**Q** 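What follows is a single structure, and I will ask about it in a moment.
Note that the coordinates shown come from a computational prediction; the quantities given were computed from them, not determined experimentally. Counting starts at 1 for both ligands and their atoms, in listed order.
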Amino acid sequence: MVKATLKKSHSRAVFPTPGHDHDRCASDAIAHAEATCLAHKEKLTPIRRRVLEALLASHAPLGAYELIDRLAEQGARPAPITIYRALDFLREQGLVHRIESRNAFIACAHNHESGDPVVFLICEKCGAVGEAASAAVAETIKSASRAAGFTPKTPVIEISGVCVNCKTA
Ligand SMILES: [Zn+2]
Ligand SMILES: [Zn+2]
């Protein structure tokens with residue numbers, strides 16, 4: 001009998017519990033980013049790291065200008081182009097996602113394969129964003145797209161609602 005082995009990687013609950021060790025959660029994500037960059041022969045430059053750290057400060061997404069404000073608190077105010085370039089890089093590496101409906105960015109809380117469809121669950125109360133990846137959703141989207149003669153790239157679904165923490169609060 002083959003025992004299913006859980007891929008021990010940077011995995012977290014879809015919505016982290018309010019009392020979770022967030023320092024650990026953020027430092028794990030930085031370690032994952034370093035490993036990812038190393039594997040791709042890319043560099044996590046200081047500005048890329050600072051942008052990622054700012055996004056990792058919470059589980060809620062930040063807009064580009066909010067990010068600039070956060071970084072300005074620690075030193076010189078970065079130019080928007082600098083921030084956008086860093087965000088582009090982090091997105092290419094799968095470390096950051098763009099939440100289209102909020103025009104904002106969030107640090108990836110999963111270790112999913114690039115190209116996997118992601119369902120973003122956006123809490124209207126606390127602003128936290130959870131990520132759920134579902135193979136069944138992927139198949140449904142692919143077959144519906146194929147039936148229309150359409151080739152899907154990276155399907156992204158955004159759902160607004162109330163997260164498990166806010167529901168029980
Ligand atoms: Zn956390
Ligand atoms: Zn919430």
**Q** Near Arg85 CZ, under 6.0 Å, is it more than 12 heavy atoms from other residues, nucleotides or ligands?
**A** no
**Q** With a 6.0 Å cut-off (strictly less than), is the heavy-atom count around CZ of Arg70, excluding the residue itself, greater than 12?
**A** no
**Q** Going only through I, L, V, M, F, W and Y residues with side-chain contacts under 4.5 Å, is there a path from Leu55 to Ile81?
**A**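 No, no single cluster joins them.
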**Q** Is Glu131 close to His97 at the side-chain level, that is, under 4.5 Å between some pair of heavy atoms?
**A** yes
**Q** Within a strict 4.5 Å, meaning less than it, do heavy atoms of the His59 and His22 side chains meet?
**A** yes
**Q** Work out the angle at the Zn ion (ligand 1) between SG of Cys25 and NE2 of His59, rounded to 10°.
**A** 110°
**Q** Could you tell me whether the side chain of Phe105 reaches within less than 4.5 Å of the side chain of Arg91, counting heavy atoms only?
**A** yes
**Q** Roughly how far, to the nearest 0.5 Å, is CD1 of Ile99 from CG of Leu62?
**A** 11.5 Å
**Q** Between the Zn ion (ligand 1) and His22, which N, O or S atom of the residue is the nearest one?
**A**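 Answer by atom name: ND1.
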**Q** Do any protein N, O or S atoms sit under 2.8 Å from the Zn ion (ligand 2), and which ones are they?
**A** Cys123 SG, Cys126 SG, Cys163 SG, Cys166 SG
